[in-house]
Amino acid sequence: MPNHLQERDKEVVWHPFTPLLQDLPVLPIRRAKGVYLYTDSGRAILDAVSSWWVNIHGHSNEYIAEAISRQARELEHVIFAGFTHEPAVKLAEGLLNILPSRQAKVFYSDNGSTAVEVALKMAFQYWHNKGGARTKVIALEGAYHGDTFGAMSVGDRNAFVQPFKPFLFEVSSLPFPDGENNEALMARFRKLVDTGEVAAFIFEPLIQGSGGMRMYPAAVLDELLRIAREAGVICIADEVMTGFGRTGRIFASDYLQHQPDIFCLSKGLTGGTMPLGVTTCTEEIQAAFRDPDIMKTFFHGHSFTANPLACAVANASMELLLSDDCQSSIARIAYQQSLFADRLSDHPKVQNARSLGTIMALDIRTEEGTSYFNSKRNRLYTFFLDKDILLRPLGNTLYILPPYVIKEEELDRIYSAIEELLDKL
Ligand SMILES: *Cc1c(COP(=O)(O)O)cnc(C)c1O
């Protein structure tokens, strides 16, 4: 039964990624705690997707709330050109401490898409400032890097971007490593970088999120990075989803030997509490901007760059993340997820049950094939929501991407619901 808030919402609000003529109701949430979202009508919904992959320490975390409240009384915001503050410097120091060793400078923005825009602009202007003519970019098929124009350009040219295709810049795409195309993949990559025109190579390390939780081995990416770095191509790791423990290590790049030049971070950065984006780069990249010629400046910035509240929250979130408690939870979840993936591996209705760190995913076998627009999607979503579990399938791909405070029995409850669904199909 629609309540008052739903009706008011429908009058005035436009929701993201939401077909307007489907009558899946938007649920009013009154409050949230830990892994639960509490609706106006008193339901407790288990948030098994970390509210779009952002939440890591549970909702309304006391330690994080305390950090916001303290910071809000001290310094809520200040222009970040010509000024600085403790939370931003501390966060930059903290990030560089845990990022791979070549990372040296931190540039702040507001979200994952802007972190990617900044990375691309840094890479393009790096070559511009050096007087080189490198203007090409390589990206992986199936990639998702955000919804702004640069981010869409390097993302997969799928149905979502059809209306914008004439406005996107050209990108050389690389087939997704499927375990069988290794030779062709490397040959194509080599051929592209050998032109000497490639400015940057951008990728989601080890797993493509929105592309359907598609996983690929670290060894393949390592080889690509080796080839790219040898050819002087700037390697951009989009760790917006994979960062901050998601894949079992702090960063997915921690599984690699060859390290990227630029990192994009957001989502888990603030524990899912405040919007904040970060782009980090090596000393060498920043050096191309340090020049008496003022036109070599990086003329980019957002009104809310390095917002002190967001930075303070990120500092608190990182402290929690690095605690033994959180690290052992991540290991426990990763183990439990891998067991569930194993258990479903020969299920007749399941294809490609897989896990990476705290992420578990499976494709439901359908005649239509795997796709975001698979007609089963809404049925699956509703099936779980009726059981007070929030799972948001990507088409016929189901995945669990929980906050790290989820308990063993809560994961088991999700597994049982999935098995019940599979029995019913
Ligand atoms: C979500 C996501 C983005 C975009 O981040 P927003 O904060 O939603 O703009 C970029 N890259 C990856 C890999 C993501 O998962």
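Throughout, numbering of the chain's residues begins at 1 and tracks the sequence. First listed ligand is number 1; within each ligand, the first listed atom is number 1.
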*Report, in ascending order of atom number, the atoms of ligand 1 lying under 4.0 Å from any heavy atom of W53.*
15 (O)
_Give the atom numbers and elements of ligand 1 that come within less than 4.0 Å of a heavy atom of M241._
15 (O)
_Closer than 4.0 Å to some heavy atom of G112 - which atoms of ligand 1 meet that?_
4 (C), 5 (O), 6 (P), 7 (O), 9 (O)
*Derivation and outcome, side chain to side chain contact (heavy atoms under 4.5 Å, CB included), residues R246 and Y404*: CA-CA 9 Å; R246 225 2 113 190; Y404 306 154; 3.4 Å; yes
*Should S69 and R73 be marked as a side chain to side chain donor-acceptor pair (under 3.5 Å) after you check the CA-CA gap, both sets of side-chain angles, and the distance that decides it?*
CA-CA 7 Å; S69 142; R73 291 185 168 83; 2.8 Å; yes
*asked:* Below 4.0 Å, non-hydrogen atoms only: which portion of H145 touches ligand 1? Side chain, backbone, both or neither.
replied: backbone
*Go through the steps for W52 and R392 under the test side chain to side chain contact (heavy atoms under 4.5 Å, CB included), then give the verdict.*
CA-CA 9 Å; W52 250 347; R392 250 187 89 86; 3.7 Å; yes
_Closest to atom 12 (C) of ligand 1 (judged by heavy-atom distance), picking from V154, D238, L276_ = D238
*asked:* Under 4.0 Å from a heavy atom of S113: which atoms of ligand 1 are those, numbered in the order shown and with their elements?
replied: 4 (C), 5 (O), 6 (P), 9 (O)
*Mark whether atom 8 (O) of ligand 1 lies under 4.0 angstrom from at least one protein heavy atom.*
no
_Whether over 12 other heavy atoms sit under 6.0 Å from Y38 OH_ = yes
*ligand 1 contacted by K267 (non-hydrogen, < 4.0 Å)*: yes
*Just wondering, more than 12 heavy atoms not from D324 lying within 6.0 Å of its CG?*
no
_So for atom CD, which belongs to E183, do other residues, nucleotides or ligands contribute more than 12 heavy atoms lying within a distance under 6.0 Å?_
no
*Enumerated ligand 1 atoms positioned under 4.0 Å from heavy atoms of G146*: 4 (C), 10 (C)
*How does W52 reach ligand 1, if at all, at less than 4.0 Å between non-hydrogen atoms: by side chain, backbone, both, or neither?*
neither
*Does NZ or CZ of R214 fall inside the cone over Y216's six-membered ring, less than 6.0 Å from its centre and within 45° of the axis?*
no
